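Data first, discussion second: the structure below is written as C-alpha coordinates.
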Amino acid sequence: PALRSGSNKRQEVQPVDRVTRETSALLTRIEANPTEAGLYIQLAAMYRKFNQPDRARAALEQGLGPTGSNYQIMLELMEMDLDPFRRNLTIVEEKLRTKTAAPVAEDGEDEEGPSLDDLRKIRLRLLKEINSREIELYRLKGDRFPLELSHRLELGYRLMRVDQIDQAIVELQMARKDPKLVGRAA
(Lines give C-alpha, C1' and ligand atoms only; values in the text may rest on other atoms or scores of the structure.)
Protein backbone atom coordinates (compact mmCIF):
# COMPACT_ATOMS: atom_id res chain seq x y z
CA PRO A 1 0.00 0.00 0.00
CA ALA A 2 2.82 2.44 0.80
CA LEU A 3 4.35 1.87 -2.60
CA ARG A 4 1.06 2.52 -4.33
CA SER A 5 0.46 5.76 -2.49
CA GLY A 6 4.02 6.81 -3.35
CA SER A 7 3.48 5.94 -7.00
CA ASN A 8 0.20 7.88 -6.96
CA LYS A 9 2.07 10.93 -5.72
CA ARG A 10 4.49 10.59 -8.60
CA GLN A 11 1.61 10.42 -11.05
CA GLU A 12 0.05 13.57 -9.60
CA VAL A 13 3.31 15.49 -9.78
CA GLN A 14 4.36 14.09 -13.15
CA PRO A 15 2.77 16.77 -15.43
CA VAL A 16 4.54 19.58 -13.59
CA ASP A 17 7.79 17.63 -13.62
CA ARG A 18 7.42 16.96 -17.32
CA VAL A 19 6.93 20.66 -18.11
CA THR A 20 9.87 21.59 -15.93
CA ARG A 21 12.02 18.84 -17.38
CA GLU A 22 11.26 19.70 -20.99
CA THR A 23 11.58 23.47 -20.58
CA SER A 24 14.71 23.44 -18.42
CA ALA A 25 17.03 22.83 -21.38
CA LEU A 26 15.48 25.74 -23.27
CA LEU A 27 15.67 28.01 -20.24
CA THR A 28 19.36 27.16 -19.88
CA ARG A 29 19.95 27.96 -23.56
CA ILE A 30 18.06 31.26 -23.15
CA GLU A 31 20.26 32.19 -20.20
CA ALA A 32 23.34 31.47 -22.31
CA ASN A 33 22.06 33.37 -25.37
CA PRO A 34 19.20 35.73 -24.43
CA THR A 35 19.18 37.47 -27.83
CA GLU A 36 18.16 34.32 -29.75
CA ALA A 37 14.48 34.85 -30.62
CA GLY A 38 13.92 31.27 -31.75
CA LEU A 39 14.50 29.98 -28.25
CA TYR A 40 11.71 32.12 -26.82
CA ILE A 41 9.38 30.95 -29.60
CA GLN A 42 10.26 27.31 -28.90
CA LEU A 43 9.69 27.84 -25.18
CA ALA A 44 6.29 29.42 -25.84
CA ALA A 45 5.36 26.53 -28.16
CA MET A 46 6.29 24.07 -25.44
CA TYR A 47 4.15 25.89 -22.87
CA ARG A 48 1.22 25.93 -25.31
CA LYS A 49 1.72 22.20 -25.86
CA PHE A 50 1.21 21.73 -22.12
CA ASN A 51 -1.83 24.04 -22.19
CA GLN A 52 -0.18 26.90 -20.32
CA PRO A 53 -0.94 29.95 -22.49
CA ASP A 54 -0.12 32.46 -19.76
CA ARG A 55 3.38 31.09 -19.38
CA ALA A 56 3.74 31.02 -23.18
CA ARG A 57 2.78 34.70 -23.40
CA ALA A 58 5.13 35.55 -20.54
CA ALA A 59 8.01 33.76 -22.29
CA LEU A 60 7.39 35.72 -25.50
CA GLU A 61 7.04 39.03 -23.68
CA GLN A 62 10.22 38.29 -21.77
CA GLY A 63 11.99 37.78 -25.09
CA LEU A 64 10.91 41.11 -26.58
CA GLY A 65 13.47 43.15 -24.64
CA PRO A 66 16.65 41.07 -25.13
CA THR A 67 15.87 40.42 -28.81
CA GLY A 68 15.09 44.05 -29.59
CA SER A 69 11.37 43.45 -30.25
CA ASN A 70 12.04 40.64 -32.68
CA TYR A 71 9.54 40.48 -35.51
CA GLN A 72 8.82 36.75 -35.15
CA ILE A 73 8.10 37.14 -31.44
CA MET A 74 5.73 40.02 -32.15
CA LEU A 75 3.91 37.87 -34.73
CA GLU A 76 3.60 35.03 -32.22
CA LEU A 77 2.12 37.44 -29.68
CA MET A 78 -0.35 38.70 -32.28
CA GLU A 79 -1.37 35.11 -33.02
CA MET A 80 -1.83 34.47 -29.30
CA ASP A 81 -3.99 37.58 -29.03
CA LEU A 82 -6.38 35.98 -31.52
CA ASP A 83 -6.85 32.77 -29.52
CA PRO A 84 -9.31 34.12 -26.91
CA PHE A 85 -11.46 35.64 -29.65
CA ARG A 86 -11.51 32.36 -31.55
CA ARG A 87 -12.42 30.42 -28.41
CA ASN A 88 -15.21 32.89 -27.61
CA LEU A 89 -16.49 32.62 -31.17
CA THR A 90 -16.62 28.84 -30.86
CA ILE A 91 -18.57 29.14 -27.60
CA VAL A 92 -21.03 31.66 -29.08
CA GLU A 93 -21.56 29.54 -32.19
CA GLU A 94 -22.23 26.47 -30.03
CA LYS A 95 -24.77 28.46 -27.99
CA LEU A 96 -26.39 29.64 -31.22
CA ARG A 97 -26.69 26.05 -32.46
CA THR A 98 -28.20 24.98 -29.14
CA LYS A 99 -30.67 27.88 -29.05
CA THR A 100 -31.82 27.40 -32.64
CA ALA A 101 -32.26 23.66 -32.07
CA ALA A 102 -34.19 24.13 -28.81
CA PRO A 103 -37.93 24.76 -29.11
CA VAL A 104 -39.14 28.18 -28.01
CA ALA A 105 -41.55 28.23 -25.08
CA GLU A 106 -45.22 29.00 -25.78
CA ASP A 107 -45.09 32.35 -24.02
CA GLY A 108 -42.12 33.39 -26.20
CA GLU A 109 -39.80 33.51 -23.22
CA ASP A 110 -36.37 32.07 -23.74
CA GLU A 111 -34.24 30.17 -21.26
CA GLU A 112 -31.65 31.94 -19.17
CA GLY A 113 -28.74 33.58 -20.93
CA PRO A 114 -28.47 35.89 -23.89
CA SER A 115 -31.22 35.93 -26.47
CA LEU A 116 -30.76 34.64 -29.99
CA ASP A 117 -30.44 38.19 -31.32
CA ASP A 118 -27.83 39.03 -28.68
CA LEU A 119 -25.83 35.93 -29.57
CA ARG A 120 -25.93 36.87 -33.25
CA LYS A 121 -24.70 40.38 -32.43
CA ILE A 122 -21.90 39.01 -30.27
CA ARG A 123 -20.95 36.59 -33.04
CA LEU A 124 -20.79 39.40 -35.59
CA ARG A 125 -18.64 41.56 -33.29
CA LEU A 126 -16.27 38.65 -32.67
CA LEU A 127 -16.02 37.89 -36.38
CA LYS A 128 -15.34 41.55 -37.14
CA GLU A 129 -12.61 41.73 -34.48
CA ILE A 130 -11.00 38.46 -35.62
CA ASN A 131 -11.05 39.57 -39.25
CA SER A 132 -9.54 42.97 -38.50
CA ARG A 133 -6.74 41.41 -36.42
CA GLU A 134 -6.08 38.76 -39.06
CA ILE A 135 -5.97 41.40 -41.78
CA GLU A 136 -3.40 43.34 -39.77
CA LEU A 137 -1.40 40.17 -39.13
CA TYR A 138 -1.34 39.00 -42.76
CA ARG A 139 -0.62 42.51 -44.00
CA LEU A 140 2.44 42.62 -41.72
CA LYS A 141 3.52 39.17 -42.87
CA GLY A 142 3.00 40.07 -46.52
CA ASP A 143 5.00 43.28 -46.18
CA ARG A 144 7.80 41.60 -44.26
CA PHE A 145 8.02 38.56 -46.55
CA PRO A 146 7.05 39.84 -50.02
CA LEU A 147 8.18 36.67 -51.78
CA GLU A 148 5.97 34.46 -49.59
CA LEU A 149 2.78 34.97 -51.58
CA SER A 150 0.64 32.67 -49.42
CA HIS A 151 0.39 35.58 -46.95
CA ARG A 152 -1.05 37.71 -49.76
CA LEU A 153 -3.55 34.97 -50.54
CA GLU A 154 -4.70 34.80 -46.92
CA LEU A 155 -4.89 38.60 -46.77
CA GLY A 156 -7.03 38.58 -49.91
CA TYR A 157 -9.41 36.05 -48.36
CA ARG A 158 -9.75 38.15 -45.20
CA LEU A 159 -10.35 41.32 -47.21
CA MET A 160 -13.11 39.57 -49.18
CA ARG A 161 -14.79 38.57 -45.90
CA VAL A 162 -15.08 42.24 -44.89
CA ASP A 163 -16.25 43.32 -48.37
CA GLN A 164 -13.08 45.19 -49.29
CA ILE A 165 -13.23 43.68 -52.74
CA ASP A 166 -10.90 46.09 -54.56
CA GLN A 167 -8.10 45.54 -52.06
CA ALA A 168 -8.78 41.79 -52.08
CA ILE A 169 -8.43 41.69 -55.87
CA VAL A 170 -5.02 43.39 -55.68
CA GLU A 171 -3.78 40.90 -53.08
CA LEU A 172 -5.18 37.88 -54.90
CA GLN A 173 -3.62 39.02 -58.18
CA MET A 174 -0.24 39.20 -56.44
CA ALA A 175 -0.79 35.70 -55.03
CA ARG A 176 -1.52 34.37 -58.52
CA LYS A 177 2.12 35.01 -59.44
CA ASP A 178 3.03 31.93 -57.41
CA PRO A 179 2.40 28.81 -59.54
CA LYS A 180 1.47 26.83 -56.40
CA LEU A 181 -1.28 29.31 -55.53
CA VAL A 182 -2.80 29.97 -59.00
CA GLY A 183 -5.79 27.69 -58.42
CA ARG A 184 -6.53 29.01 -54.96
CA ALA A 185 -6.12 32.70 -55.92
CA ALA A 186 -8.25 32.55 -59.06
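The model shown is predicted, which means the values in this text are computed figures rather than measured ones.
For the atom pair CD (Q52) and OH (Y47), the distance works out to 7.0 Å, reported to the nearest 0.5 Å. Within the model, atoms CG of D83 and CD1 of I130 stand 10.0 Å from one another, a figure rounded to the nearest 0.5 Å. Distance check, rounded to the nearest 0.5 Å: CE of M74 to CG of L77 gives 9.0 Å. The line from CG of L96 to CD1 of I91 is 12.5 Å long, rounded to the nearest 0.5 Å. In this structure, the separation between CD on E22 and CG on L27 is 12.0 Å, given to the nearest 0.5 Å. Note that NZ of K121 and CG of L119 are 11.0 Å apart. Values are rounded to the nearest 0.5 Å.
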Item to complete: Tell me, with the steps shown, if F85 and R125 meet side chain to side chain contact (heavy atoms under 4.5 Å, CB included).
Response: CA-CA 10 Å; F85 291 104; R125 279 190 299 225; over 6 Å; no
Practice prompt. Walk me through it: do N33 and T35 pass the test side-chain hydrogen bond (donor to acceptor under 3.5 Å, both in side chains)?
Written response: CA-CA 6 Å; N33 188 6; T35 59; 3.1 Å; yes
Practice prompt. Please report the C-alpha distance between Q164 and V170 in whole Å, then the side-chain angles of each, then the deciding distance to 0.1 Å, and finally whether the side chain to side chain contact (heavy atoms under 4.5 Å, CB included) criterion is met.
Written response: CA-CA 10 Å; Q164 296 180 8; V170 170; over 6 Å; no
Discussion item. Apply side chain to side chain contact (heavy atoms under 4.5 Å, CB included) to residues R161 and E134 and explain how you reach the verdict.
Written reply: CA-CA 11 Å; R161 281 188 205 160; E134 285 180 343; 3.5 Å; yes
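For the pair L172/L155, no side-chain contact is recorded, criterion being any heavy-atom separation below 4.5 Å from C-beta on. You'll find the side chain of D178 stays beyond 4.5 Å of the side chain of V182, heavy atoms only. No side-chain heavy atom of L64 sits less than 4.5 Å from a side-chain heavy atom of N70. In this structure, R57 and D54 have side chains that are not in contact, with every pair of non-hydrogen atoms separated by 4.5 Å or more. Side-chain contact between R120 and L116 is present, with at least one heavy-atom pair separated by less than 4.5 Å. Between L26 and M46 there is a side-chain heavy-atom pair separated by less than 4.5 Å. At a threshold of 4.5 Å between non-hydrogen side-chain atoms, the residues Y40 and Q72 do not count as touching. Using a 4.5 Å cut-off on side-chain heavy atoms (C-beta onward), M78 and L140 make contact.
Of the residues listed (E94, E129, E93), the one engaging R123 in a salt bridge (Lys or Arg N to Asp or Glu O under 4.0 Å) is E93, and it is the only one.
One hydrophobic cluster, built from ILVMFWY side chains closer than 4.5 Å, cannot hold both Y157 and Y138; they sit in different ones. Cluster membership check: L137 shares its hydrophobic cluster with Y71, using side-chain heavy-atom separations under 4.5 Å among Ile, Leu, Val, Met, Phe, Trp and Tyr. Using a 4.5 Å cut-off between side-chain heavy atoms of Ile, Leu, Val, Met, Phe, Trp and Tyr, with links allowed through other members, I165 and V162 fall into different hydrophobic clusters. In terms of hydrophobic clustering, with Ile, Leu, Val, Met, Phe, Trp and Tyr side chains grouped at heavy-atom distances under 4.5 Å, L89 and L82 are assigned to a common cluster.
Formation of a donor-acceptor pair under 3.5 Å by the T90 side chain with backbone atoms of R86 is found in this model. For N131 (side chain) and L127 (main-chain N/O), a donor-acceptor pair under 3.5 Å exists by modelled atom type.
When all heavy atoms of I73 and A37 are compared, the pair lying nearest together is CD1-CB, 3.9 Å. Here the closest non-hydrogen pair linking A168 and L159 is CB-CB, 3.7 Å. Between L181 and A175, the shortest heavy-atom contact is CB-O, 3.6 Å.
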Taking only distance into account, with no hydrogens and no angle test, what donor-acceptor pairs under 3.5 Å do side-chain atoms of residues 141-154 form with protein atoms, sequence neighbours excluded?
from, atom 1, to, atom 2, distance (Å)
K141, NZ, E79, OE2, 3.4
D143, OD1, R152, NH2, 3.1
E148, OE2, S150, OG, 2.7
R152, NH1, E171, OE1, 2.9
R152, NH1, E171, OE2, 3.4
R152, NH2, G142, O, 3.2
E154, OE1, R158, NH1, 2.2

